[in-house]
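Here the structure comes first, spelled out in structure tokens, and everything after it is commentary.
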Amino acid sequence: MRGPREVPILQIEQLAVAYATRHGDVAAVRDVSFEIHRAQTFGIVGESGCGKSTVAFGMVNFLGRNGRITGGRILFQGQDLVKRSELELRKLRGDRIAMVYQDPMQALNPAMTLGDQMAEVLIVHRSMKRSAAMERCKQMLERVYMPDPASVMRRYPHQISGGQQQRIVIAMALLNDPALLIMDEPTTALDVTVEAAVLDLINDLQNEFDTAIMYISHNLGVIARVSDEIGVMYAGEMVERADVKDIFARPSHPYTLGLLRCIPRLDTTKRSTTLQPIRGRVPSPTALPPGCIFEPRCPFARPACSHQPIPMREIQPGHWARCLYAEEILEHKDDLSDDMVNIIIGVAPKTDNGGPILRVKEAKTYYPVASKQIIGGQKQYVKAVDNVSMEAMPGRTLGIVGESGCGKSTLVKTIIGLEKLSGGEIEFMGMDISTPVSKRSEALIKDLQMVFQNPDSTLNPSFSVGYQIARPLRRFKTVPRNQVRDEVIRLLNMMRLGENYYGRLPRQLSGGEKQRVAIARAIAAQPKLVLCDEPVSALDVSVQAAVLNLLLEIQQQLGTTMVFIAHDLSVVRFFCDHLAVMYLGQIAEIGPAEAIYLPPYHPYTEALLSAVPIPDPSAEQKHIRLGGSVPSALNPPTGCRFHTRCPRRAMLPDGGAICEREDPPAQFDTDQHRIYCHIPLEELRKMEAVVTIEKEGPHVG
Amino acid sequence: MLVKDYMTKHPPMAEPKMSVVEVQRQMSENNVRYLPVVGDGKRLLGLITPQSMLIDPRRMASLNVWDITRLLSDLKVKDIMIKIRSVITIDPDTPIEQAAQVMVENRVGCLPVVQEGIVVGVITETDLLDHLSKMMSGNMSGVRVTIRMPMIKGELAKLVGVIAQAGWGIDAMGGALCVKDAKKWDAVVKIRASKEEVVAALSAISSQEIIDVREV
Amino acid sequence: MSALSGGTKTAEKRPSRLRRLWGGFSIILESRVGTIGLCIIVFWVLVAIFAPLLAPRDPLSQDSDAINKGSSEQYLLGTDQLGRDILSRLIFGTRTILVLAPLSVLASVTVGTILGLTAGYFGGLVDEVVMRLLDAIMAFPTILLYLIIIAAIGPSAVNVVIAITFVGTPGIARLVRSLTLDIRTRDYIRAAQTRGEHPLYIMFVEILPNVRGPLIIDALLRVGYAIFAIGTLGFLGLGLPPPTPDWGGMVAEARKFIWTAPLNVLWPILAITSLVVGLNLFADGLREETTRYQ
């Protein structure tokens, strides 16, 4: 960092971008200003459709055929990029501005070895000799901590994992030593432990290369970890801009405050707080409100807000907000709307009566894999779920967490009968349900329903909302035929959707609305157990809060038991009573939610917790990073499956040789809390808590 | 203490086809006096210095005001820059003092830092002065003493020994050959202690002489 | 919608159906290519419907005084080798072709969809057997296949439809199967499975409506091919038995007199071409506009 005479690498002044559509120009981005200095990261955060990617694309004029910059200046080292020709911009993109996108495969050529395509950058751009270029690439890969770079360079993109692909893309971006690096959700597709490692890498590299970074993400936790300064975007405008600590400590725009209030945090549960969704939805860029763009959804709106567009103003040195009453926002942070109060009261724990409603005993789900040999050869199996035992208590929520490929989805699909159980037992209300769904009795099917992950494919696009919710009602004859319509409307009201949604088609709904309809469909037949497969992970945070609240309400009203899969540890902590942590088809740790988040930890749980991005720059987190990548489930490691990556293995005598030989025993911390690990419980208990969050922070949960 | 540690990475750069007017604006926006001119892949092609901006008065003499305006607006970077063969460059792995020497010998204020023909940064007088200021911990307060000592082995060790004995730490240290007497050496040390104590302690070394002492 | 609540099921659905139909229609009008195609098709359909009113004379009556005559006031497009009015024959030929071509496509769409849905939804052995059989049909050159079928069952209007259905089915089955394979993995199909729905319900109620779009476009293009096929069969003498007015047959007959009455070949060819082009333009417009909205 240099003194004040330092001129920013990038300076954006009142940028406006419009897309030409059939109905005329649509202003996608309006009045966005910010600057990025060398070796600084500017984070842009906002929900989907807020224009954050458009800003990035506008910078290098990647807006596509129908997009164009309609106003403002983009000064890159004093040069205005707006008037540049396509050719000049392309040269800048190659030489001085680099971009990293969400999907690394977009940037990698699947038909070339990684070494070749990296070297190509240098050979073409800098006319380096091939051997020298290869040598430089190898050095760069070492700098991004790529294990065994020489062999990686001989491989093709599909032969390495997603996290490593993203490392390659970052290395490629840095080969030309760019002054500005634009990263658009670079870690969104990655698992949390891999994401943490990539974020560490970005921080290291920034210091070394003096690069200015523009980091775009929807995840407040990630943004809090990487950024020096943050801009919050909403509906195409930047509504608040300040130093990272400032924005989290003193959010001064109602939208920023709303965002912070609707994300569950690692230290909150459904009993201590509620999530407060932001009411309404983002206005369409064709029908913007005349005054403040957030006014229709703002809980603090006053008459003056709707008169004219609100300008950005500096409320404190370096802290800008687009709100007339920015100074007063903080006073309102603890206000609760009335319906929220009800939820808190209702979540009082119910007493457990009787045994578990669902009991999974040593369940195994194996997929056969075609042998590579043409003739003969031994049949191989992917052990997606291997020896999993767990119980779900009636009226409670059992959460299952783990990174992708850990078998959590397969487990749930096995329970519901979409996958065939290869061994073990599953018992539901005392009945054996080890059979696939087609062989189950109708009564059993009715009592077990599922909510799926992807809101865009969960509803049949050809049928109206009403028809799809009515279908289970008709099929299971939950209500008499002539009352079906009334029942559907009752369910719609319960989902806070209203009667007028009855005839709508799925494509007329937003992601959150689709997911609510899917929930209505799942609970229509009044099942005893609902399996939720990541029901909120594809939703924006404000919508996610609303859906989580809805699920909570349903559980209170109907006493439904839920099994809830998620990869977001803050969400499961908030939502679940019990928690199972899975790794590579097995359970690492299972117990009451509070117990999982405090020592004793399974080493894997510990690593997960230390990787979670926390939307609070003042939170302290232990720094534990896992090496290597998840081994293949086709050929899982012997003994403890985590031994290849376990950072705590050294605690055992002779470097944890036992971990490779023997399956870890279940150690009971309390009678509900089991940890599958060779390290003695006393040792595990001595570990410190991974996350410490100041309780008296200025935040609201 | 190599060039790469003190140079400005990612300096603003110009391209040969840019107009001089534009470059002038770019220089003032970025608050710099030198701009490396680069081609594809940041390959160095030339350098723009304040001198390149001066227009030869002999050329202007015969022109009227309109011609001058046109001349200026038509002028491109490639017409006024110092061409690559006359640009003095330096490698990022060079010691910083060597860069200073190159600049002094050639009477230039800016060296593009070049690796395999590619511009990786620039180092200017300002960067060197920054280095000097840091070497002498210019922004820290303490007692700054200048001591003249004969050029004999062990003299510096004596000085350091005395400071160590007194239990002080050295915040900054520098030295150079005495300007007037080639057999003497001037050392500057910065110590956090009171002026009187320092003078008392250092006067004890008989072969050395305190030239200057001040609190900064 | 809420104003209509309490009505019967059909009463609820009617306005939305109508609106959807109009919605689909207005989409076509947004594309210039589609509009032109639609105009051509509508023109020929109107001609077919009002053939008896439009045709100046009986397509079968022969005038021995006017054989292979060029156009005149009496015979607008001239006469053929038997002295029949070409214009009238063309107009009545529209009826044949506009009945046979869509009918044969409808038949192949029905059979192909059932086969494709079954193969795609169940996969495994069912898929293998069905698809290999269809591949075997596709391996034959189409003309050869037409010849074999017609030769086996004799030329008649019904048999022409059967032949075209037989040849067209594998392509449709393949299309439906690939769409089904994709849709089968969607969550709404999983949701139906977890409700314990019967496979037939899933195939025909959950999947079929969603393959509709691409299927309609493909079927439109296939109507064009079927018109060609009927023309080809007519030209080879395997189409409708004479003296039925048949565009393909007309080309075949006029070809013999191409030196004396060259224009007689041109008229039926123009008719076939314009109808096929119209259908293709319409299908293209439809595809363009529907994909743009997705």
Side-chain angles (χ1 to χ4, degrees), chain A residues 2-11 13 35-40 73 75-81 83-85 87-98 120-129 132-133 135-136 174-181 206-213, chain B residues 3-45 48 76-77 92-93 112-124 126-127 129-131 133-134 138-139:
Chain A
R2 300 293 178 94
R5 73 177 182 95
E6 169 78 34
V7 175
I9 296 275
L10 183 77
Q11 204 173 347
E13 291 171 6
E35 45 192 52
I36 313 178
H37 291 261
R38 67 176 59 232
Q40 292 264 309
R73 296 205 300 167
L75 290 178
F76 174 69
Q77 299 198 318
Q79 280 176 283
D80 194 345
L81 296 190
K83 296 171 203 127
R84 300 280 137 184
S85 72
L87 186 78
E88 283 174 295
L89 280 174
R90 202 177 313 147
K91 221 150 81 184
L92 273 181
R93 280 204 291 268
D95 288 349
R96 288 190 261 167
I97 303 178
E120 197 186 45
V121 177
L122 294 173
I123 295 169
V124 173
H125 263 279
R126 302 210 165 163
S127 36
M128 270 171 96
K129 288 223 179 62
E135 190 48 42
R136 175 69 67 78
L174 290 172
L175 273 177
N176 270 329
D177 190 18
L180 173 67
L181 186 57
Q206 184 176 28
N207 294 332
E208 196 184 327
F209 287 82
D210 248 6
T211 309
I213 298 182
Chain B
V3 166
K4 66 176 170 197
D5 304 318
Y6 283 90
M7 69 184 183
T8 307
K9 287 172 194 159
H10 314 299
M13 302 180 201
E15 276 159 41
K17 278 185 290 182
M18 281 162 79
S19 80
V20 170
V21 182
E22 200 182 343
V23 162
Q24 257 172 336
R25 221 206 48 235
Q26 198 190 347
M27 287 168 93
S28 72
E29 290 253 14
N30 281 294
N31 202 2
V32 294
R33 285 168 300 153
Y34 303 93
L35 275 185
V37 181
V38 293
D40 272 357
K42 290 186 272 190
R43 188 163 292 280
L44 185 68
L45 299 177
I48 294 179
K76 296 281 183 240
V77 166
D93 282 320
V113 184
V114 167
Q115 197 168 27
E116 290 159 18
I118 309 292
V119 179
V120 295
V122 290
I123 190 153
T124 63
T126 320
D127 295 320
L129 293 175
D130 180 43
H131 174 62
S133 144
K134 279 187 184 135
N139 54 349

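Residue numbers begin at 1 in each chain, while the letters A, B, ... track the order of the sequences.
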- Message: Please evaluate residues H10(B) and R96(A) with respect to the criterion side-chain contact (heavy atoms from CB on, under 4.5 Å), reporting the C-alpha separation (whole Å), side-chain torsions for both, the decisive distance (0.1 Å), and the verdict.
- Response: CA-CA 8 Å; H10(B) 314 299; R96(A) 288 190 261 167; over 6 Å; no
- Among G41(B), A14(B), S28(B), P11(B), who wins on heavy-atom pairs under 4.5 Å with chain A? G41(B)
- Query: At a heavy-atom separation under 4.5 Å, does L122(A) approach chain B through its side chain, its backbone, both, or neither?
  - Reply: neither
- Just one of R25(B), M18(B), M13(B) clears the side chain to side chain contact (heavy atoms under 4.5 Å, CB included) bar with Q79(A), so which one? M18(B)
- Nearest heavy atoms of R38(A) and T8(B), plus distance in Å: NH2-CG2, 3.6 Å
- Message: Looking at D177(A), is its backbone amide N or carbonyl O close enough to the side chain of K9(B) to form a donor-acceptor pair, meaning the two atoms are under 3.5 Å apart?
- Response: no
- Query: In chain order, what residues pass the ring pair (Phe, Tyr, Trp, His ring centres under 6.0 Å) check against H131(B), with sequence neighbours excluded?
  - Reply: Y6(B)
- Between the main-chain N or O of Q77(A) and the side-chain N or O of Q26(B), is there a donor-acceptor pair closer than 3.5 Å? yes
- Item | Heavy-atom check, side chain of E29(B) versus side chain of V7(A), under 4.5 Å | no
